[in-house]
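First the structure, in the form of structure tokens, and then the observations on it.
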Amino acid sequence: MAGSIKSIFAGGALLLLAACAGVPATTPLPPPSLDAVEADLARDIAALADDSFGGRFPGTEGERKTRAWLIEKYAAIGLEPAVPSGPDGAREWTQSFTVVRRRPSEQPGASSARATRGGRSVDLSMGLIGVDGAQDAPGFADLPLVGLDPDVEDLRPRSLANRGLVLPASDLMRLGGQMTAAEPRAMIITSADQATFDGVASFLKRGRWQLDSDEGSPAILLLSPEASKKLTGLIGDTAKRKPDSAGVIAYDTILQGSIAQEVERIETANVVGRLPGKVEGSGAVLMLAHWDHLGDECRPPEAADRICNGAVDNASGLAVMTEAVRLAARQGQLDRDLIVLATSSEELGLLGAQAFVADPPVPLPTIAAAFNLDTMAIAPRGAPISVIGWGRTPLDPGIGIVADQLGRTLANADWQNAFLRRQDGWAFLSRDVPTVLVSSALADKDAFDRFMQGEYHGPADEFSTGIELGGAAEDTVLHAALLRYFGSLSKYPGARMK
Ligand SMILES: [Zn+2]
């Protein structure tokens with residue numbers, strides 16, 4: 001018989017959550033000692049957040065040490081390598097990929113651009129800053145410039161392909177994701193004043209990491225206020241020109257130019273293990289946590305402590321993952337395969353998770369349930385749990401049953417949804433893999449807010465004996481039970497995504 005789950009007040013939202021009736025109850029797990037689990041988590045977090053791991057930035061000695069730590073742990077739990085490494089069925093622990101960041105060159109005057117209309121031409125190079133998400137050494141010859149009808153509300157996919165869109169900086173965010181889908185070859189951003197130019201420039205200078213295998217984003221050329229005036233003067237009165245049916249206005253102007261940028265590439269890897277299930281062809285359950293953090297230069301050179309050790313974010317997720325898998329595995333083989341994934345480059349934009357879903361070692365539709373673990377060591381013992389991704393997968397009733405058996409209460413709140421797209425689980429959920437993040441961390445709003453405003457992404461997120469592991473230990477036991485439940489064909493036969 002399924003029990004009901006108590007309602008609790010959290011984050012200003014009262015959510016009454018009832019578990020499904022009619023699903024057979026499971027035998028309660030012999031409860032592992034929470035003190036022992038806490039001690040194991042503390043040992044693992046202390047190891048991974050040690051200064052010798054250098055803040056676990058991809059491509060560094062810290063990555064080498066983290067991978068070695070994970071592989072040793074995986075092997076001790078009894079996992080086997082999960083990544084196909086050749087035609088002979090051989091498998092390895094690591095799934096390698098390359099990430100790339102392109103940033104505008106710091107050298108003034110290194111980029112150049114010239115616009116021509118009819119017999120006239122203007123030089124736009126002064127103060128120009130550029131970056132190209134698609135190529136390392138981009139250049140433009142006779143790129144036709146266009147504008148958008150100010151009234152346009154919908155951009156047709158590919159309607160800007162092979163053209164350069166001239167756009168005021170104030171309009172940058174207006175059409176959101178539609179701009180990417182319209183696939184302009186370049187965006188020429190004009191700035192009305194120096195403050196606007198500086199604002200966009202500092203954003204571009206940070207650069208953006210992406211998978212090297214991605215097609216990339218358009219080139220962006222940011223024009224100084226002076227150059228902006230020259231270009232709009234050359235194009236002339238745009239109000240007199242008729243847009244085409246897609247809302248695109250041809251400017252009868254072409255652009256020549258080249259962009260100087262700094263390109264950085266890093267080779268890195270996910271670490272993937274597997275515990276084969278009893279029933280071949282019954283799919284898999286997946287548990288994941290990101291291993292990477294911000295490295296040993298996350299503060300300016302003059303700072304006293306420059307290492308962002310990432311004890312909570314996300315040594316705690318790795319510790320909970322390996323401990324939960326160990327506890328689940330020692331109770332016997334699951335029906336389904338269990339895939340254990342430590343992702344790289346989450347902090348650079350969920351890139352390891354994207355690399356996994358782009359080339360998964362098991363077909364994504366065979367993954368019956370996936371659990372992400374991120375930033376776990378926040379709440380004390382007795383805290384409720386929340387589920388990021390609640391209402392989006394067929395996993396909710398089963399999670400309710402398992403939580404109820406362990407005496408955990410559910411406390412979902414609207415504010416937590418802001419994190420849905422900010423965690424690795426999103427790369428899977430957006431590909432229709434039923435994925436959730438179950439954690440006490442986001443259910444204790446006060447403790448979570450304190451962390452986000454304090455240690456988060458800073459040198460103070462390091463291991464100390466005072467680190468709060470009460471909620472994380474209970475979440476470890478819960479995740480071991482979730483793996484048992486969703487790994488069982490009789491308890492969870494599987495269901496389609498909604
Ligand atoms: Zn982070």
Side-chain angles (χ1 to χ4, degrees), residues 41 44-45 48-51 53-60 62-63 66 70 99 101 206-211 266 268 270-271 287-299 303 305-321 341-356 371-379 386 388-389 415-429 435-445 447-464 467-469 471-472 475:
L41 297 181
D44 291 351
I45 295 170
L48 291 162
D50 189 82
D51 279 358
F53 281 66
R56 304 187 306 278
F57 196 78
T60 64
E63 163 159 2
T66 307
L70 285 164
V99 293
R101 175 168 61 172
R206 262 179 269 150
R208 212 194 98 202
W209 289 98
Q210 60 190 51
L211 288 177
I266 293 176
T268 185
N270 298 326
V271 185
M287 189 156 275
L288 69 148
H290 74 87
W291 64 252
D292 66 302
H293 195 56
L294 302 173
D296 61 1
E297 292 179 10
C298 78
R299 284 295 178 272
D305 183 2
R306 301 184 69 197
I307 306 180
C308 284
N309 301 83
V312 173
D313 179 13
N314 189 30
S316 72
L318 295 176
V320 171
M321 176 170 79
L341 164 64
T343 60
S344 173
S345 307
E346 187 270 355
E347 303 284 13
L348 307 180
L350 318 185
L351 299 182
Q354 283 175 20
F356 186 96
F371 300 92
N372 186 28
L373 298 161
D374 198 345
T375 307
M376 301 300 288
I378 300 272
S386 61
I388 306 296
W415 66 271
Q416 294 157 353
N417 294 330
F419 294 92
L420 182 67
R421 290 169 175 76
R422 288 177 59 180
Q423 46 92 35
D424 270 344
W426 177 248
F428 291 84
L429 191 59
T435 311
V436 287
L437 192 160
V438 185
S439 167
S440 57
L442 275 103
D444 186 336
K445 189 170 192 308
F448 186 75
D449 285 349
R450 265 200 307 280
F451 174 75
M452 292 302 280
Q453 285 148 25
E455 299 92 329
Y456 175 70
H457 282 191
D461 180 11
E462 56 195 354
F463 180 78
S464 78
I467 194 169
E468 178 57 72
L469 295 170
D475 292 354

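Both counts, for ligands and for their atoms, begin at 1 and track the order of listing. Model, not experiment: these values are computed from the prediction.
- Side-chain contact of D461 with N309: a donor-acceptor pair under 3.5 Å is absent, judged by distance alone.
- The closest side-chain heavy-atom distance from T66 to L48 is below 4.5 Å.
- For the Zn ion (ligand 1), the count of nearby protein N/O/S atoms, taking only those under 2.8 Å, is 4.
- Annotation: side chain of H293 is in contact with side chain of D313 (closest heavy-atom distance under 4.5 Å).
- At a cut-off of 3.5 Å, with distance as the only test, no side-chain donor of D374 or Q423 sits close to an acceptor on the other residue.
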Could you go through the side-chain hydrogen bond (donor to acceptor under 3.5 Å, both in side chains) check for E63 and S344 one step at a time? CA-CA 9 Å; E63 163 159 2; S344 173; 4.8 Å; no
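- Between F428 and L288 the shortest side-chain heavy-atom distance falls below 4.5 Å.
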